Structures are given as C-alpha cells and as structure tokens.
Amino acid sequence: MSDGSFIENPKFATNKKVRRQLRIRQRRVNRKVKGSNNRKKAGKRVAKLHKKIADKRNDHQWKAANKVVNTAEAIVQEDLNVKAMKSRCKPKRQKGRFMPNGQSAKRGLNRSISDASWGDLFSKIAWLALKSGKPVLSVNPKFTSQECSACHHISKANRDGEKFICENCGHIDHADTQASRTILRRANLKFVSKDIKNLPADCGKVTLVRDDSASNGKQDQGKNRTSKVIPEKRILFEQLS
C-alpha cells in the first residue's frame with residue numbers, strides 16, 4: 001500500500017505442502033476404477049481439500065479487506081483485466097513446427113494469480129468501502145510499475161526485480177510500494193477538511209449530519225427530543241477534474 005505496509009500472500013493453493021497433497025489425492029482418484037464407490041470416496045477427499053483451501057482464502061481476504069478499508073480514507077486500485085492476464089501465450093510456428101512460446105513458464109504465473117484471487121479481493125474491498133462511505137476509484141494500470149513517483153520517468157530499466165531504481169533521478173524504493181504511490185497520484189485526490197455537526201440522540205449514539213446547503217447542519221430529532229450541537233472535524237474528499 002502507499003503508506004509502505006504490505007498484506008501477506010499466504011499462497012494457500014500454491015505452497016509446496018498443499019500442492020503435494022493435491023497431487024497425491026488426485027493420483028489416488030485416477031488409480032480407482034471408474035464408477036466405483038472407492039473412486040467416489042477418493043474424489044470427495046480431493047473436494048474437501050479444495051474447499052478447505054477456498055475457505056482459508058476467503059477468510060484471509062475478508063481480514064485483508066477490513067484492514068485496507070479501516071486504515072484508509074480512500075481506496076484506489078488498478079483497473080486490471082485479470083482474465084486477460086491469465087490467457088495462454090500465442091503459439092509460434094516456424095517451418096510448419098510449433099516452437100517454444102513461454103507457456104510452460106507462464107503456467108506457474110497463472111496459477112499464482114488464480115491463487116491470489118485479485119478479483120474477489122477487489123470485490124470485498126469495494127463492498128466494505130461502500131458500507132463505510134469511503135470512495136473506491138480505479139486507474140489505468142499502464143506503466144505503474146515502471147514509472148518513478150519522484151520524477152515521473154518511465155522506463156523498463158527502472159525495475160530490478162523487487163527493487164525500483166530510477167535511472168533518471170536515482171530514486172530507490174520497493175517496487176510494489178513505488179507502484180502504489182504512482183497509482184495514488186494518478187487518482188488526483190484532494191483532501192478537504194470541513195466542519196460537520198454531531199447530534200447525540202437519547203440512546204447515546206451519535207448521528208452524523210452532512211454539511212451541505214440542504215441540511216444546514218440540522219436534522220429533525222422529533223418533537224420530544226432535545227440535543228446539543230457539537231462541532232467536529234471530519235475528512236471528506238473531492239476528486240480533482
């Protein structure tokens with residue numbers, strides 16, 4: 001994230017232990033006679049393992065989404081086309097023969113993207129942000145990992161694995177943190193402080209009233225209710241044109 005913090009990727013389906021368990025259980029299914037009860041039992045064991053992985057991923061994503069929404073006042077994400085990112089490499093033919101096209105190496109990347117499940121994570125963050133009244137924006141992901149947040153220089157040579165070293169100004173940072181700050185800058189957010197009034201109800205809870213011309217900082221509390229108006233500061237957002 002743009003503040004320098006990270007959310008761990010546990011790799012529930014792609015770590016060494018789970019992949020070995022999946023291979024063993026799937027191999028047991030293939031060795032059973034088709035249509036037999038033993039094959040059905042072995043298939044249920046594979047399904048249970050897949051469900052366990054999915055439940056762990058779902059729980060982790062909800063916790064991560066809560067962390068993002070609770071610690072941020074605005075959420076800006078890349079408008080990623082995850083389905084296209086997992087597409088197969090185009091085949092290469094030379095003199096009537098198929099040549100290596102890098103699909104074997106990309107298969108591991110596709111598996112990692114599916115395991116991380118970015119689309120589900122973005123949906124959970126958007127849902128929690130909607131409930132909290134926080135804005136969620138999407139920006140163009142083009143060159144976010146190659147653009148320097150200090151001088152805005154774009155070059156492939158800026159990336160060195162997980163490190164980001166700008167060849168123009170010499171700025172050094174973590175590649176993911178650097179990209180998140182570039183994404184935040186592209187959102188063009190301006191933080192504005194406005195006065196807002198709280199109206200404590202009889203039950204002791206506080207009701208927030210919007211500070212606009214329509215409400216004028218007042219809210220109908222009923223005929224039999226009396227309340228004291230207490231000014232308070234709250235951070236609101238305006239997107240720059």
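Worth saying up front: this structure is predicted, and the values here are computed from it rather than measured.
Annotation for Lys106: atom NZ counts as buried by contact number, over 12 foreign heavy atoms lying within 6.0 Å.
Distance check: Ile125 CD1 to Ser132 OG gives 12.0 Å after rounding to the nearest 0.5 Å. Annotation: the span from Lys17 atom NZ to Thr14 atom OG1 amounts to 14.5 Å, rounded to 0.5 Å. Separating the OG atom in Ser145 from the CD1 atom in Ile183 is a distance of 9.0 Å, to the nearest 0.5 Å. The distance from atom OG of Ser5 to atom NZ of Lys67, rounded to the nearest 0.5 Å, is 5.5 Å. Note that CG of Asn58 is 13.5 Å distant from CD1 of Ile53, once rounded to the nearest 0.5 Å. Distance check: Asp176 CG to Ile7 CD1 gives 11.5 Å after rounding to the nearest 0.5 Å.
Of the possible donor and acceptor atoms, none in the side chain of Glu78 sits under 3.5 Å from a partner among the backbone N and O of Thr144. Asn15 places a side-chain N or O within 3.5 Å of a backbone atom of Val18 that can act as its donor or acceptor partner. Remark: the backbone N or O of Gly108 is paired with a side-chain donor or acceptor of Ser112 at under 3.5 angstrom.
A single hydrophobic cluster is seen to contain both Val136 and Val69, as judged by linkage of ILVMFWY side chains at heavy-atom distances under 4.5 Å, directly or through other members. In the hydrophobic clustering of this structure, Val76 does not group with Leu80; members are Ile, Leu, Val, Met, Phe, Trp, Tyr whose side-chain heavy atoms approach within less than 4.5 Å, directly or through other members. Ile75 and Val139 fall into different hydrophobic clusters, defined by Ile, Leu, Val, Met, Phe, Trp and Tyr side-chain heavy atoms under 4.5 Å apart, directly or through other members. Leu109 and Val82 fall within the same hydrophobic cluster, where Ile, Leu, Val, Met, Phe, Trp and Tyr residues are linked whenever their side-chain heavy atoms come under 4.5 Å apart, directly or through other members. Both Leu184 and Leu137 are members of a single hydrophobic cluster when ILVMFWY side chains are connected at heavy-atom separations under 4.5 Å.
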For Thr182 and Glu147: C-alpha separation, side-chain torsions, deciding distance, then whether side-chain hydrogen bond (donor to acceptor under 3.5 Å, both in side chains) applies.
CA-CA 7 Å; Thr182 302; Glu147 181 179 350; 5.2 Å; no
For His50 and Leu22: C-alpha separation, side-chain torsions, deciding distance, then whether side chain to side chain contact (heavy atoms under 4.5 Å, CB included) applies.
CA-CA 8 Å; His50 280 292; Leu22 285 172; 3.7 Å; yes
Stepwise side chain to side chain contact (heavy atoms under 4.5 Å, CB included) check, Met1 with Ser180
CA-CA 6 Å; Met1 292 186 284; Ser180 64; 5.5 Å; no
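With sequence neighbours excluded, the residues satisfying salt bridge (Lys or Arg N to Asp or Glu O under 4.0 Å) with Asp55 are Lys51. Residues satisfying the salt bridge (Lys or Arg N to Asp or Glu O under 4.0 Å) criterion with Lys40, sequence neighbours excluded, are absent altogether. Remark: Phe12 engages His60 in a ring pair (Phe, Tyr, Trp, His ring centres under 6.0 Å) (not counting sequence neighbours). Taking Arg28 as the reference, nothing meets the salt bridge (Lys or Arg N to Asp or Glu O under 4.0 Å) condition, with sequence neighbours excluded.
Annotation: side chain of Pro10 is not in contact with side chain of Lys56 (no heavy-atom distance under 4.5 Å). Between Val29 and Arg25, the closest side-chain pair of non-hydrogen atoms is not below 4.5 Å. Using a 4.5 Å heavy-atom threshold, the side chains of Lys86 and Ser114 count as touching. Between Ser149 and Arg185 the shortest side-chain heavy-atom distance does not fall below 4.5 Å. No side-chain heavy atom of Lys48 sits less than 4.5 Å from a side-chain heavy atom of Lys52. The closest side-chain heavy-atom distance from Phe164 to Cys148 is below 4.5 Å. The shortest side-chain heavy-atom distance between Asp115 and Arg57 falls under the 4.5 Å cut-off.
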Which donor-acceptor pairs under 3.5 Å do the side chains of residues 95-105 make with protein atoms, sequence neighbours left out?
residue: Asn101; atom: OD1; partner: Gln103; partner atom: N; Å: 3.3
residue: Asn101; atom: ND2; partner: Cys89; partner atom: O; Å: 3.4
residue: Asn101; atom: ND2; partner: Lys90; partner atom: O; Å: 3.3
residue: Gln103; atom: OE1; partner: Cys89; partner atom: N; Å: 2.8

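Closest of all the heavy-atom pairs between Lys134 and Ala72 is NZ-O, 2.8 Å. Counting all heavy atoms, side chain and backbone alike, Arg186 lies closest to Pro141 at NH1-C, 4.2 Å. When all heavy atoms of Gly4 and Thr177 are compared, the pair lying nearest together is CA-CG2, 4.0 Å. Here the shortest heavy-atom pairing between Ala175 and Gly161 reads CB-O, 4.2 Å. Contact between Asn110 and Ser87 at its shortest, heavy atoms only, is ND2-O, 4.3 Å. Closest non-hydrogen pair, Asn158 versus Glu167, comes out as OD1-N, 3.1 Å.
Within the structure, the ring-ring contact (aromatic ring centres under 6.0 Å, His included) test picks out no pair touching residues 103-155 (sequence neighbours left out).
Between Arg181 and Asp173, at least one side-chain nitrogen of the basic residue sits less than 4.0 Å from a carboxylate oxygen of the acidic one, meeting the salt-bridge criterion.
Residues Ser36 and Asn38 bring no donor and acceptor atom of their side chains to less than 3.5 Å of each other.
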